[in-house]
Number of protein chains: 2
Amino acid sequence: MLELRLVQGSLMKKVMESIKDLVNDANFDCSATGFSLQAMDSSHVALVALLLRSEGFEHYRCDRNISMGMNLNNMSKMLKCAGNDDIITIKADDGSDTVTFMFESPTQDKISDFEMKLMDIDSEHLGIPEAEYHAIVRMPSAEFARICKDLSSIGDTVVISVTKEGVKFSTRGDIGTANIVCRQNTTVDKPEEATIIEMNEPVSLTFALRYMNSFTKATPLSSMVTISLSSELPVVVEYKIAEMGYIRFYLAPKIEEDEDETRP
Amino acid sequence: MLELRLVQGSLMKKVMESIKDLVNDANFDCSATGFSLQAMDSSHVALVALLLRSEGFEHYRCDRNISMGMNLNNMSKMLKCAGNDDIITIKADDGSDTVTFMFESPTQDKISDFEMKLMDIDSEHLGIPEAEYHAIVRMPSAEFARICKDLSSIGDTVVISVTKEGVKFSTRGDIGTANIVCRQNTTVDKPEEATIIEMNEPVSLTFALRYMNSFTKATPLSSMVTISLSSELPVVVEYKIAEMGYIRFYLAPKIEEDEDETRP
DNA sequence: ACCCACAACT
DNA sequence: AGTTGTGGGT
């Protein structure tokens with residue numbers, strides 16, 4: 001028996017909106033620890049890891065670990081039927097092949113329940129090792145989203161370079177080039193606008209903007225984003241979910257090509 | 001000679017927006033009683049009945065009963081040219097095959113007139129008998145609209161079931177099922193949020209959501225909607241138009257199919 | 001009710 | 001990538 005009650009239902013709605021464009025089907029794993037998901041995007045390039053800790057729920061009952069395969073598009077359709085102020089409860093009976101989403105309006109005058117078929121999805125659950133990163137950039141999530149969007153109108157990839165002065169986002173395309181530099185600034189009075197760089201050694205890596213732009217769908221979940229970079233490691237783009245956990249996106253860097261790609 | 005002057009012109013605009021998606025051409029009937037319309041939707045499944053009583057107009061002159069056939073899309077185009085605060089006057093000369101819409105801006109600084117060709121439309125005017133209904137649900141129109149919209153993302157039809165506890169809207173589709181229950185609640189201090197159920201006997205009927213969603217286009221006309229249900233009778237979805245009359249939509253229930261539709 | 005932003009479609 | 005339509009916020 002599984003029963004998770006989340007008073008701030010809009011949070012679950014936002015989580016779905018963050019993931020559904022990247023991943024079609026995924027297993028949600030429930031244990032005493034919390035509600036989590038790990039999945040590759042449909043083209044097997046990026047990886048999403050979500051964690052909502054049990055302590056963040058108003059009620060969390062999970063008798064035994066279960067893995068529920070869901071079509072995220074369908075799940076998203078149902079969650080869209082919840083009001084932003086609704087309380088959301090996710091229920092599943094043991095051995096059932098369905099999951100139920102229950103929405104309670106704040107006044108309790110409207111109670112909705114939506115039942116969805118679960119699916120069998122085989123997914124290898126990758127252990128993601130904790131790693132030391134060469135550089136960790138923490139900046140306003142809206143600013144990062146704006147940068148990725150802006151750069152993608154010029155080029156397809158972004159080079160993220162971190163020095164101790166700041167972080168530089170660069171691209172190059174048919175119509176020209178673009179460089180956006182964000183200086184470290186720890187505005188003490190406005191922590192929501194700070195850009196903080198922890199750097200052990202300079203790093204410069206190239207990523208596909210298409211994926212970065214998908215990741216920024218999570219922007220409504222947190223005002224800050226953390227970007228962790230190491231050469232030879234996938235970048236981690238993390239949005240903390242207040243009081244509950246995080247959503248993390250992993251993306252392998254592109255191997256830097258020679259300047260002149262046509263050279264033999 | 002016909003001359004109807006309506007200071008609250010936005011009301012006529014809203015009326016057109018409510019009907020034009022459902023009905024292409026219709027006769028507007030004018031008599032001493034008022035300005036009315038009765039028409040089947042283009043696929044002859046639903047029926048719209050509109051009444052704007054003469055007393056609701058600031059000036060109402062209708063020398064003899066006339067019926068004016070109009071293309072509602074074209075009429076709507078013209079009415080869209082009226083400002084929301086404009087005074088709208090509808091004029092037609094005896095024997096003329098045109099109708100004129102005149103719009104006066106609140107300051108009287110701008111006077112527009114639009115003339116439109118009338119058309120010959122043969123329509124049988126159905127007498128709609130007053131009926132006793134098994135159940136009458138009165139609820140906030142915005143809530144009803146939201147429910148119809150939400151359910152249509154899951155299924156094509158809605159089962160509306162009324163018991164004395166409340167009214168339940170259910171659907172079923174490929175991705176799952178949905179049930180939304182609204183409890184009766186007569187919040188005395190907020191009559192605009194009340195849900196009131198008058199029930200003589202329980203009733204459960206099935207309707208096409210496509211039509212329900214068309215009906216909810218009338219939501220801007222009234223904060224409340226009334227849904228009258230009887231088995232074997234068309235449902236009536238009514239929006240009162242303040243001080244003037246109403247717009248009513250009729251829709252026959254779907255005959256409940258056997259559980260197993262493939263049975264011989 | 002109007003304006004802005006995000007999402008889907010071309 | 002641009003445009004149009006829809007949904008949410010002020």
Side-chain angles (χ1 to χ4, degrees), chain A residues 8-24 41-42 72-86 103 105-106 140-158 171-178 208-223 225 239, chain B residues 7-18 20-21 73 76-77 79-86 88 103 105-106 140-154 192 209-210 213-214 216-223 242:
Chain A
Q8 197 186 152
S10 59
L11 210 143
M12 190 62 75
K13 296 181 61 163
K14 287 178 193 163
V15 164
M16 286 313 300
E17 293 305 306
S18 312
I19 309 181
K20 72 161 214 286
D21 288 341
L22 209 54
V23 180
N24 293 128
D41 84 289
S42 16
L72 299 195
N73 240 311
N74 293 343
M75 180 176 171
S76 175
K77 272 187 193 169
M78 291 190 169
L79 255 8
K80 278 207 177 112
C81 300
N84 275 329
D85 301 325
D86 283 4
F103 311 139
S105 73
S141 59
E143 193 171 337
F144 177 63
R146 176 66 196 260
I147 289 169
C148 292
K149 180 172 144 274
D150 285 350
L151 292 188
S152 62
S153 74
I154 311 290
D156 298 328
T157 59
V158 57
T171 193
R172 160 188 305 275
D174 295 342
I175 67 168
T177 64
L209 276 166
R210 177 184 153 208
Y211 290 101
M212 286 292 170
N213 275 315
S214 277
F215 301 166
T216 61
K217 293 287 195 292
T219 303
L221 280 168
S222 171
S223 65
V225 63
Y239 296 83
Chain B
V7 169
Q8 197 186 153
S10 60
L11 211 144
M12 188 65 72
K13 296 181 60 161
K14 287 179 193 162
V15 164
M16 286 313 300
E17 292 306 305
S18 311
K20 72 162 213 286
D21 288 342
N73 242 309
S76 174
K77 275 186 192 165
L79 255 7
K80 277 208 178 113
C81 302
N84 275 328
D85 301 325
D86 283 5
I88 295 182
F103 312 140
S105 73
S141 58
E143 191 171 338
F144 177 64
R146 172 73 197 257
I147 289 169
C148 291
K149 180 176 140 273
D150 282 351
L151 291 187
S152 60
S153 76
I154 310 292
E192 303 296 285
L209 277 166
R210 177 183 152 212
N213 275 316
S214 276
T216 61
K217 294 285 197 300
T219 303
L221 280 168
S222 171
S223 66

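What you see is a predicted model, and the numbers here were worked out from it, not measured in a lab.
Take the nearest nucleotide of DNA chain D for A/K13 and for A/D156: the residue whose nucleotide is more 5' is A/D156. Between A/N84 and A/S153, the residue anchored nearer the 5' end of DNA chain D, judged by the nucleotide with its closest heavy atom, is A/S153.
Between B/D21 atom CG and D/dG5 atom C1' the separation is 14 Å, expressed in whole Å. Atom NZ in A/K14 sits roughly 17 Å away from atom P in C/dA5 (whole-Å rounding). In this structure, A/L151 atom CG and D/dA1 atom C1' are separated by 16 Å, rounded to whole Å. In this entry the distance linking CG of B/D86 with C1' of C/dA1 reads 15 Å, nearest Å. Atom P of nucleotide C/dA5 and atom CZ of A/R146 are separated by 10 Å, given to the nearest angstrom. Look at CE on A/M16: it is 17 Å from C1' on C/dC6, rounded to the nearest Å. At whole-Å resolution of the value, CG in A/L22 and P in C/dA7 are 14 Å apart. In this structure, A/N213 places its CG atom 10 Å from P of D/dA1, rounding to the nearest Å.
With contacts defined as side-chain heavy-atom distances shorter than 4.5 Å, the pair B/L221/B/S18 qualifies. Inter-residue side-chain proximity for A/S76 and A/E17 is flagged as met; some heavy-atom pair is nearer than 4.5 Å. Between A/C81 and B/S153, some side-chain heavy-atom pair lies under the 4.5 Å cut-off.
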CA sep, side-chain torsions, deciding dist, call: B/I147, B/D150, side chain to side chain contact (heavy atoms under 4.5 Å, CB included): CA-CA 5 Å; B/I147 289 169; B/D150 282 351; 5.8 Å; no
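Judged by distance alone, with hydrogens and angles left aside, the side-chain atoms of B/S105 form no donor-acceptor pair with the main-chain N or O of B/D86 at under 3.5 Å.
Residue B/K149 is classed as a sugar-phosphate contact, given heavy-atom separations below 4.0 Å to backbone atoms only. Residue contacts shown for A/S152 are limited to sugar-phosphate atoms, with no base heavy atom under 4.0 Å away. Within the nucleic acid shown, A/K80 has no heavy atom closer than 4.0 Å to any nucleic acid atom.
The side chain of A/K20 approaches C/dA8 more closely than any other nucleotide in the set C/dA8, C/dA1, D/dG9.
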